[in-house]
Amino acid sequence: MATNFLAHEKIWFDKFKYDDAERRFYEQMNGPVTSGSRQENGASVILRDIARARENIQKSLAGSSGPGASSGPGGDHSELIVRITSLEVENQNLRGVVQDLQQAISKLEARLSSLEKSSPTPRATAPQTQHVSPMRQVEPPTKKGATPAEDDEDNDIDLFGSDEEEEDKEAARLREERLRQYAEKKAKKPTLVAKSSILLDVKPWDDETDMAQLETCVRSIQLDGLVWGASKLVPVGYGIRKLQIQCVVEDDKVGTDLLEEEITKFEEHVQSVDIAAFNKI
């Protein structure tokens, strides 16, 4: 069971052999390296890194700009310092601009508030309707000590009746005159007549039908409000041609049903009538 389990496992049992072969190959290429030289090389590398770091720290603390300050960690640190100072200057400039904008906005708000206070808001006043009291007849004041005869004469006088009657007659006369003028103007105005343009397809019975006689029969139809127009023969098939004729009709006087009925009366020549086109004019 154990052997079967290990047979399916992906384990590199011979890895040490390949590692030894690789080590011998590099030793042949570069020569054998002793453990003491390896330790010395590692210690020298560590000491060199420590010395370099110490030198960079001293340069950054002293703020000196030497040939080594442009490269390495010290150079990066100096670049960061320069960037920080430029950002601080830019931040101060932006703060100044923001303060100026705030002051301008506060001045505008103060000016608007003063304008609103100085200008009174107009109030929407509803239009007042004037109530006109009806005219009342004013009675003349009676004199004290007037005789009965004078009282009778005053009662017989009508101050407003005659004027109102004259105004009513004048208004009636003007109204009748205007109505008469409107009726005359309306009678003189020409009325529009609704017309239509109709294109008819008149089909014969066969190819032996005399098409000239058929057209003569169709044009012989005379109706009030009907005017015949141009015509032509259109081939249908098998040597048969149909008559395509145009006419203009008044809609109130002539209709399509009446046209079809009148044309189909010529039974010897006409088989059927179709409306190819119908347009209002």
Side-chain angles (χ1 to χ4, degrees), residues 1-132 192 197 276-281:
M1 293 293 290
T3 56
N4 293 331
F5 178 77
L6 291 175
H8 294 287
E9 287 294 327
K10 296 180 180 179
I11 300 173
W12 195 3
F13 294 100
D14 300 330
K15 184 176 182 301
F16 65 95
K17 295 180 181 179
Y18 295 96
D19 291 338
D20 293 339
E22 184 179 3
R23 181 175 53 78
R24 286 194 299 269
F25 173 78
Y26 284 113
E27 284 178 356
Q28 291 176 2
M29 294 291 294
N30 299 326
V33 180
T34 59
S35 62
S37 62
R38 290 178 183 175
Q39 291 177 359
E40 288 178 357
N41 291 332
S44 63
V45 171
I46 293 170
L47 291 173
R48 187 167 58 252
D49 292 339
I50 291 170
R52 188 181 299 171
R54 186 179 296 171
E55 184 180 358
N56 291 329
I57 291 169
Q58 289 177 359
K59 287 181 180 180
S60 62
L61 291 174
S64 61
S65 59
S70 60
S71 63
D76 296 339
H77 188 68
S78 62
E79 290 178 359
L80 288 174
I81 292 172
V82 173
R83 289 183 182 178
I84 289 169
T85 53
S86 63
L87 288 173
E88 288 178 354
V89 173
E90 187 177 357
N91 192 11
Q92 290 178 0
N93 294 330
L94 290 175
R95 284 183 180 178
V97 173
V98 170
Q99 289 178 0
D100 295 338
L101 289 174
Q102 288 178 353
Q103 291 177 1
I105 291 169
S106 61
K107 289 180 181 178
L108 287 174
E109 289 179 352
R111 188 174 180 182
L112 286 173
S113 61
S114 62
L115 289 173
E116 289 177 356
K117 290 179 182 178
S118 62
S119 62
T121 56
R123 296 180 180 178
T125 58
Q128 297 180 357
T129 57
Q130 296 181 357
H131 299 282
V132 180
L192 296 175
S197 175
F278 186 91
N279 298 315
K280 291 286 185 181
I281 299 177

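- The OG atom of Ser106 sits 13.5 Å away from atom CZ of Arg111, with the distance rounded to the nearest 0.5 Å.
- Considering CD1 of Ile281 and OG of Ser197, their distance stands at 5.0 Å, rounded to 0.5 Å.
- Here the OG-CG distance, from Ser113 to Leu108, works out to 10.5 Å after rounding to the nearest 0.5 Å.
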Worked verdict on Leu112 versus Glu109 for side-chain contact (heavy atoms from CB on, under 4.5 Å): CA-CA 5 Å; Leu112 286 173; Glu109 289 179 352; 5.7 Å; no
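- Between atom CD of residue Gln28 and atom CZ of residue Arg23 there is a gap of 11.0 Å, rounded to the nearest 0.5 Å.
- Arg95 CZ to Gln99 CD: the interatomic distance, rounded to the nearest 0.5 Å, is 8.5 Å.
- With values rounded to the nearest 0.5 angstrom, Ile105 atom CD1 is found 11.0 Å from Asp100 atom CG.
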